[in-house]
Amino acid sequence: MATVSELMEANLLQVFNERDDERRAKAIAATYAPGVEFADPEGVATGHAELNAKARGLLEQSPGFVFAPAGPVLVNHDLGHLAWQFGPEGAPPVVRGIDIALVEDGVIKKLYTMLLPG
């Protein structure tokens, strides 16, 4: 069973940073509960298909951009926190944010993304 830290890293790097649909779908199946709820400032996506569409849309509108961790994963029991940055590879980030996930039975059940100002 994956740890909270492993799930947080998979969420960022194997799902939201993955441009290959097949690899992303496999990572989603291994990382999230079937009824996962993903909430960001734009709305809520529920389930694997909606989460996959959200990740694909972010990557399609930002060619050449990559997600990268902006610090270590922080864990408190079943909660994970990971700061991240997003921008052109090798350049300063355009967007910074944090992900907070509730983990249950070895998968992410709820995921909240918050954007940082500036």
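This is a predicted model, so every value here is computed, not measured.
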| task | Apply the test side chain to side chain contact (heavy atoms under 4.5 Å, CB included) to residues Glu37 and Leu111: give CA-CA distance (whole Å), side-chain angles for both, the deciding distance (0.1 Å), then the verdict. | result | CA-CA 6 Å; Glu37 291 180 10; Leu111 177 65; over 6 Å; no
| request: Would you sort out whether His81 and Met8 count as a side chain to side chain contact (heavy atoms under 4.5 Å, CB included), showing the intermediate values? | output: CA-CA 7 Å; His81 170 284; Met8 295 303 294; 5.6 Å; no
| Is a side-chain N or O of Thr3 found less than 3.5 angstrom from the main chain of Glu6, in a donor-acceptor match? | yes
| query | Is a salt bridge present between Glu22 and Lys26, judged by a nitrogen-to-oxygen distance below 4.0 Å? | reply | yes
| Trace of the side chain to side chain contact (heavy atoms under 4.5 Å, CB included) decision for Leu82 with Leu74 | CA-CA 6 Å; Leu82 179 60; Leu74 304 177; over 6 Å; no
| field | Gap separating the CG atom of Leu7 from the CD1 atom of Ile108, nearest 0.5 angstrom | value | 5.0 Å
| Would you call Lys110 and Glu104 a salt bridge, using N to O less than 4.0 angstrom? | no
| said: If hydrophobic clusters are built by linking Ile, Leu, Val, Met, Phe, Trp and Tyr wherever their side-chain heavy atoms come under 4.5 Å apart, do Leu102 and Val73 end up in the same one? | reply: no
| message | Are more than 12 heavy atoms, taken from residues, nucleotides or ligands other than Asp105, located less than 6.0 Å from that residue's CG atom? | response | no
| request: Compute whether any side-chain donor of one residue and acceptor of the other, for Thr31 and Asn11, lie under 3.5 angstrom apart. | output: no
| query | Are any of the side-chain nitrogens in Lys109 or Asp78 under 4.0 Å away from the carboxylate oxygens of its partner? | reply | no
| message | Please check: side-chain N/O of Glu18 versus main-chain N/O of Gln14, any donor-acceptor pairing under 3.5 Å? | response | no
| task | Examine distances only and state if a side-chain atom of His48 and a backbone atom of Tyr32 form a donor-acceptor pair shorter than 3.5 Å. | result | yes
| request: Give the intermediate values and the outcome of side chain to side chain contact (heavy atoms under 4.5 Å, CB included) for residues Ile28 and Leu51. | output: CA-CA 8 Å; Ile28 286 171; Leu51 185 109; 3.8 Å; yes
| task | State, with a plain yes or no, whether a side-chain heavy atom of Asp40 is found less than 4.5 Å away from one of Lys54. | result | yes
| field | Donor-acceptor contact present, side-chain Asp20 to main-chain Arg23, <3.5 Å | value | yes
| request: For the pair Asp21 (side chain) and Arg24 (backbone), establish whether a donor and an acceptor sit closer than 3.5 Å, ignoring hydrogens and angles. | output: no
| message | Here's a test for you: under ring pair (Phe, Tyr, Trp, His ring centres under 6.0 Å), which of Trp84, Phe65, Phe86, Phe38 qualifies with Phe16? | response | Phe38
| Under 3.5 Å, is there a donor-acceptor pair between the side chain of Arg96 and the main chain of Leu115? | no
| request: Give a yes or no on whether the backbone of Phe67 and the side-chain of Asn17 come within a donor-acceptor separation of less than 3.5 Å. | output: yes
